[in-house]
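Working notes for the structure below.
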Amino acid sequence: MAIKEVFLALGLASLLLFHVEAHTGFVSFNYAGNGPSNWGNLAAEYKSCSSGTIQSPINILQDNATLNTKLHDLSRLYVDANATLINNGFNVMLKFEKSGGLLLQDGKNYSLKELHWHAPSEHTIDNQKYPLELQMVHESEEEDGNVAIVAILYDFGNTDPFLYQLKDWVAQLAKEHCSLDEEIQVPIGPVRTKSLKRHSRRFFKYVGSLTTPPCTEKVTWYILGKVRKVSKEQVALIKSSLAPEFQNNARPIQSSNERNVELYDESKCNPHSQ
Ligand SMILES: *[C@@H]1O[C@H](CO)[C@@H](O)[C@H](O)[C@H]1NC(C)=O
Ligand SMILES: *[C@@H]1O[C@H](CO)[C@@H](O)[C@H](O)[C@H]1NC(C)=O
Ligand SMILES: *[C@@H]1O[C@H](CO)[C@@H](O)[C@H](O)[C@H]1NC(C)=O
């Protein structure tokens, strides 16, 4: 049993590494036509995409989420760390050289490894889809293979400050994508993470999977309750660096299979703070 668990943990850790390291050398996939419904047949390593039972993304029904007053707030101790912007073909990703800082949850420290965007959003709230979703991928510092992803949904509106600082580099990716036969990497030095660690008064937590092959399961998701703003130009710029079959890179909603979605709500955790 213990040995099996170690193998499972190692498997998850190495699969995640593939995901983080981009897919050069791996079976490619796309979002065109029946793309996502076929992922599970493309390679043995992608089997979870079709046979998994706790897949992501899901639709979050707010009225059905269970308030959990024992959840802790989502402490994010992010730092302004050096990063590289990567067009890996299926999305635009910012990968930290070492770590973008820490997420503290369930008494564990998770290190921020990379973040990437999906347009439109993958998760929906009460069936509402948004133009953009940012997913921040963290790995447990205990090397147990545990992965935690914090997701922020964006509606059209004002400029998003985090993406704004990256605009010249995203434009550079967009310019170079026509010559794309391998992934493009642009080192961009320190990235300001202040806007990403803003305190969250409400979030949803559930256990799911990576939303791209290999669709590895047992990923803990934290979906922030507050929808942020991004300009139409910013979303268009991100999309323009990807080939047409990846410009809508949201995997369809997966069956929740009666999974429990927990709710953290600061105003309800402590009635005295209202
Ligand atoms: C970021 O990269 C620059 C240039 O390579 C280097 O001088 C600096 O020490 C790096 N900063 C961190 C925090 O690693
Ligand atoms: C998590 O990181 C914080 C800040 O570096 C540290 O104070 C704390 O001891 C760490 N906790 C664990 C469980 O490693
Ligand atoms: C509501 O959540 C429960 C689990 O907490 C689940 O069994 C049920 O299927 C959910 N209802 C809907 C409509 O998703």
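Heavy atoms only: backbone and side chains are in, while hydrogens, waters and symmetry mates are out.
Proximity of a side-chain donor or acceptor of Q234 to a complementary backbone N or O of D160 within less than 3.5 Å is detected. The closest donor-acceptor contact from the side chain of N82 to the backbone of I188 lies at 3.5 Å or more, if one exists at all.
Between F90 and F29, the angle of the ring planes lies from 30° to 60°, which puts this pair in the tilted group.
Shown here are the ring pair (Phe, Tyr, Trp, His ring centres under 6.0 Å) partners of Y222, two or more places apart in sequence or in another chain: F203.
Atom NZ of K47 sits in a sparse spot, with 12 or fewer heavy atoms from other residues, nucleotides or ligands closer than 6.0 Å. Summarising the local packing, NZ of K98 is surrounded by 12 or fewer heavy atoms from other residues, nucleotides or ligands at distances under 6.0 Å.
Using a 4.5 Å cut-off between side-chain heavy atoms of Ile, Leu, Val, Met, Phe, Trp and Tyr, with links allowed through other members, I54 and I60 fall into different hydrophobic clusters. Linking Ile, Leu, Val, Met, Phe, Trp and Tyr whenever their side-chain heavy atoms come within less than 4.5 Å leaves V207 and V219 in two separate clusters.
Residues Y31 and H118 place their aromatic rings such that the two centres sit no closer than 6.0 Å.
Taking all atoms of both residues into account, the shortest heavy-atom contact from R76 to L224 is NH1-CD1, 3.9 Å.
With respect to D80 and R192, no salt bridge is recorded, no charged nitrogen being found less than 4.0 Å from a carboxylate O. In summary, R201 and E266 engage in a salt bridge, as defined by a charged side-chain N under 4.0 Å from a carboxylate O.
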Stepwise, does the side-chain hydrogen bond (donor to acceptor under 3.5 Å, both in side chains) test hold for E245 with N30?
CA-CA 6 Å; E245 63 270 36; N30 68 39; 5.2 Å; no
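L104 forms part of a hydrophobic cluster together with L77, L102, judged by ILVMFWY side-chain heavy-atom separations under 4.5 Å.
When the options I238, L85, L237, L242 are evaluated for a side chain to side chain contact (heavy atoms under 4.5 Å, CB included) with L173, the one that passes is L85. H123 pairs with exactly one of Y154, F204, Y206 by the ring-ring contact (aromatic ring centres under 6.0 Å, His included) rule, that one being Y206.
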